[in-house]
Amino acid sequence: MLPLTSSSSSISRKKYDVFLSFRGEDTRKNFTDYLYEALIRNGIHTFRDDPKLETGEEIAPELFKAIQQSWCSIIIFSETYAFSSWCLEELAEIVKQKNERRQEVFPIFYNVDPSDLRKQKGKVEEAFVEHEERYNEDKNKVQKWRNPLTQVANIKGWHLNNRHEAELIGDIVKKLSVKLCETYPIAATDELIGISSRLKELFSKMEIGEDDVRVIVICEMGGIGKSTLARVMYDQMSSHFEGKSFLANVREVSQKRGLVHLQKQLLTQTLLDEGFHFSDVYEGNAIISHRLSHKKVLVVLDDVNNIQHLKCLAGRHDWFGLGSRIIITTRDEHLQRSYRVDGMYKPAALNENEALRLFNLKAFIRETVPKEDFVELAKHIVGYAGGLPLALEVLGSFLCGRDVTQWKSAFERLKKDSNKKILDRLRISFDGLEEREKNIFLDIACFFNRETKDFIMKILDGCEFFPDIGIDVLIKKSLIKFDRHNQYIQMHDLLKEIGRKIVKDKSVDNLENVVDCERKMTSIMS
């Protein structure tokens, strides 16, 4: 499992992911070259020595340094590898790093038998005969090479045998990608309080390294941090893909500029090519499916609220090459029923400790502990935000630099009239509802929060709101949810406040309709 921590983690990234040890005259211009290109193409930073360095018998100091600065070493044992004193010096240093600093070592047996290396027979024996003759006055030097060779030959590695080289290289790159993801933390800045555990949960659903195409949906109410989570995952993982695209604010951009614009943006970002000229979504669909179907890509579709967005930007799994990952953020869980989804992640609100740290960070300029005079007020305001990162950041930034008296005044005002920026962001989901669902939302916000589903259904049936489908819509759009016992319907306090404010702002005619419905409810309840 990926060990996610903050940026202060003690696990620091090495300068190189991989050090390649190989015999140049055997594999430099074929297997090693293909492997190097595949590693680089998949975002694995690899050191391969310059052939100009191989001018003498003594290994160049920069190669020792490169080995020490690498997370792992891949040793390509070829037919004449053991004849090279240069290679054996590299090998000795690699094993030293393995034993002393736990460097990972991965052997590749390129048409050689590991037992020949372990027992040092055949060609390997011939090589050591030559070395002993050459260094007959320094027997320890040759012995210093024998022991590492035996040790590495005992490590389970890859065997070429009769396999296609491309297939073997694919396996190597896949394994290294997974190992690197498991080794290094997905670094989150200190300001992204609580994101590490959520990244870990999301990463487990992505199954990086598998050759299938996976679509992962991040679904929850507005302000919970879906877009931030997707962006951090995208930034950290995109180097493992051949192409990448982050389409932000899909809902808003599609309304203002159309889906064709988004299709062109997807193609431009993944293919690094701006030469796309088409004017309708059907042509765009054909181009996307043709150009990306053999390319391993990472695509994020942020803030999707319409099935047409998915049909035109990620129509089917086979639009994308094997190993591709598509991440979708949405407030509408129902989208997954109309589109093939391989995993869903619903990030939790921040717990009390995380919420307090995030609020303090914004309110006290990068400090996570409040000043003494502000402790109780900070707790009250954090309680009001209900673990919602958006609300905590907005309120913390608003109160930053203000004195205790102003904090008290602001909190009293919040209890009567919430921050407009927060409410406007949260109201987006409400505005996208049909009229009957809006009425159900308002009734729950004003009267029925934390009541049982059966009770609410009985009441709303009397108002002809068709609550069976209506309540399901609200749940799928992350506007309400069941408690942990799956018995009572709950609404976040800020969503409840939105509902009450909407009712308060309604015209007199609409309020009369609400009163008429309340009379029906009272009649049913009695």
Side-chain angles (χ1 to χ4, degrees), residues 13-51 53-54 59-60 62-84 86-114 116-118 124 145 148-161 163-184 208-209 239-240:
R13 188 136 198 162
K14 297 280 191 178
K15 182 176 181 180
Y16 303 106
D17 295 324
V18 175
F19 178 90
L20 285 180
S21 177
F22 59 96
R23 183 76 192 274
E25 62 186 61
D26 284 351
T27 65
R28 180 183 294 280
K29 295 182 179 180
N30 42 66
F31 181 81
T32 297
D33 193 45
Y34 305 147
L35 174 60
Y36 176 79
E37 292 299 327
L39 292 169
I40 295 298
R41 191 168 58 249
N42 282 271
I44 300 174
H45 193 199
T46 304
F47 182 91
R48 176 182 60 174
D49 72 289
D50 187 328
L53 294 175
E54 297 186 20
I59 187 169
E62 49 262 55
L63 289 188
F64 276 122
K65 190 173 181 180
I67 293 169
Q68 294 158 9
Q69 294 176 328
S70 297
W71 168 74
C72 80
S73 289
I74 293 180
I75 304 165
I76 304 169
F77 288 118
S78 54
E79 189 175 15
T80 67
Y81 182 94
F83 283 88
S84 168
W86 183 290
C87 288
L88 294 174
E89 284 288 348
E90 282 183 359
L91 180 65
E93 179 62 25
I94 288 168
V95 170
K96 179 182 176 184
Q97 295 302 312
K98 177 183 185 299
N99 294 336
E100 294 180 1
R101 300 187 183 181
R102 303 182 68 181
Q103 184 184 99
E104 294 276 358
V105 176
F106 301 101
I108 299 173
F109 303 105
Y110 188 83
N111 291 327
V112 298
D113 189 337
D116 288 350
L117 298 171
R118 282 194 297 270
V124 180
W145 296 339
L149 190 63
T150 301
Q151 185 174 339
V152 176
N154 279 308
I155 298 173
K156 183 179 180 181
W158 290 283
H159 299 257
L160 179 62
N161 296 334
R163 296 179 66 186
H164 291 291
E165 291 188 3
E167 179 187 0
L168 175 62
I169 288 171
D171 287 348
I172 294 168
V173 171
K174 176 180 172 181
K175 179 171 182 178
L176 284 178
S177 293
V178 174
K179 291 284 288 184
L180 282 165
C181 289
E182 291 173 343
T183 299
Y184 288 126
I208 297 294
S239 64
H240 295 279

Worksheet item: What distance separates R41 CZ from Y36 OH, expressed to the nearest 0.5 Å?
Response: 12.5 Å
Response to the item:
Sorted by chain and number, sequence neighbours left out, side-chain contact (heavy atoms from CB on, under 4.5 Å) with S177 holds for I44, V173, H240
Worksheet entry | Nearest-0.5 Å distance, CD1 of residue I74 to CG of residue L39 | 5.5 Å
Item to complete: Only counting residues at least two apart or in another chain, list the ones meeting side chain to side chain donor-acceptor pair (under 3.5 Å) with S84.
Response: none
Discussion item. Can you list everything that forms a ring pair (Phe, Tyr, Trp, His ring centres under 6.0 Å) with F31? Sequence neighbours excluded, please.
Written reply: Y110
Discussion item. Parallel, tilted or perpendicular: which one describes the rings of F47 and F19, with boundaries at 30° and 60°?
Written reply: parallel
Worksheet entry | Side chain proximity check, E79 to V124, heavy atoms < 4.5 angstrom | no
Worksheet item: Does D33 reach the side chain of R48, with side-chain heavy atoms less than 4.5 Å apart?
Response: yes
Fill in: Listed partners of E104 passing salt bridge (charged side-chain N to carboxylate O under 4.0 Å, His left out), at least two apart
K179
Worksheet item: Under a 4.5 Å cut-off applied to non-hydrogen side-chain atoms, are I94 and V152 in contact?
Response: no
Worksheet item: How far apart are the closest heavy atoms of A92 and P148, and which atoms are they?
Response: CA-CG, 4.0 Å
Item to complete: Apply side chain to side chain donor-acceptor pair (under 3.5 Å) to N111 and list each qualifying residue two or more places apart in sequence or on a separate chain.
Response: none
Worksheet item: Can you find a pair of side-chain heavy atoms, one from I108 and one from I75, that are under 4.5 Å apart?
Response: no
Discussion item. Please give me the minimum heavy-atom distance between Q68 and Q97, naming the atom from each residue.
Written reply: CG-NE2, 3.4 Å
Worksheet item: If you measure from CD1 on I169 to NE2 on H164, what distance do you get to the nearest 0.5 Å?
Response: 12.5 Å
Worksheet item: With side chains defined as the heavy atoms from C-beta onward, is the minimum distance between H45 and V18 less than 4.5 Å?
Response: no
Discussion item. For Y81 and S21, which I'm curious about, is there any donor-acceptor pair between the side chains at under 3.5 Å?
Written reply: yes
Worksheet item: Hey, what do you get for CD1 (I76) to CG (L35), rounding to the nearest 0.5 Å?
Response: 5.5 Å
Discussion item. When you measure from the side chain of R118 to the backbone of A153, do you find a donor-acceptor pair of N or O atoms at a distance under 3.5 Å?
Written reply: yes
Worksheet entry | Partners passing salt bridge (charged side-chain N to carboxylate O under 4.0 Å, His left out) against D113 (at least two apart in sequence or in another chain) | none
Worksheet entry | Those residues that, when tested against F109, pass ring pair (Phe, Tyr, Trp, His ring centres under 6.0 Å) (two or more places apart) | F77, H159
Item to complete: Before giving the answer on side-chain contact (heavy atoms from CB on, under 4.5 Å), spell out for E89 and F64 the whole-Å C-alpha distance, their side-chain angles and the decisive distance to 0.1 Å.
Response: CA-CA 9 Å; E89 284 288 348; F64 276 122; 4.2 Å; yes
Item to complete: Using the test salt bridge (charged side-chain N to carboxylate O under 4.0 Å, His left out), find all partners of R163 that sit at least two apart in sequence or belong to another chain.
Response: E167, D171
Worksheet item: So how far is it from D49 CG to E62 CD, rounded to the nearest 0.5 Å?
Response: 9.5 Å
Response to the item:
Smallest heavy-atom separation, L63 atom then W86 atom, equals CD1-CZ2, 3.1 Å
Worksheet item: After noting the C-alpha distance and the side-chain angles of R23 and C87, does the key distance pass the side-chain contact (heavy atoms from CB on, under 4.5 Å) rule?
Response: CA-CA 7 Å; R23 183 76 192 274; C87 288; 4.0 Å; yes
Worksheet, complete the sentence: Value for CD1 (I172) from CG (N42), rounded to nearest 0.5 Å, stands at 12.0 Å
Item to complete: Would you indicate whether the side-chain heavy atoms of W71 and L180 approach each other to under 4.5 Å?
Response: yes
Practice prompt. Could you tell me whether the side chain of V95 reaches within less than 4.5 Å of the side chain of V105, counting heavy atoms only?
Written response: no
Worksheet entry | side chain to side chain donor-acceptor pair (under 3.5 Å) partners of Q151, counting only residues at least two apart | N99
Worksheet entry | Flag side-chain contact, heavy atom, 4.5 Å: T46 against D17 | no
Fill in: Partners passing side chain to side chain donor-acceptor pair (under 3.5 Å) against D26 (at least two apart in sequence or in another chain)
S78, T80
Worksheet item: Please, which pairs that meet salt bridge (charged side-chain N to carboxylate O under 4.0 Å, His left out) have at least one residue in residues 91-102, sequence neighbours excluded?
Response: none
Discussion item. Under the rule for ring pair (Phe, Tyr, Trp, His ring centres under 6.0 Å), what residues qualify as partners of W158, not counting sequence neighbours?
Written reply: F106
Worksheet item: side-chain hydrogen bond (donor to acceptor under 3.5 Å, both in side chains) between Q103 and S73: does it pass, once the steps are laid out?
Response: CA-CA 8 Å; Q103 184 184 99; S73 289; 2.7 Å; yes
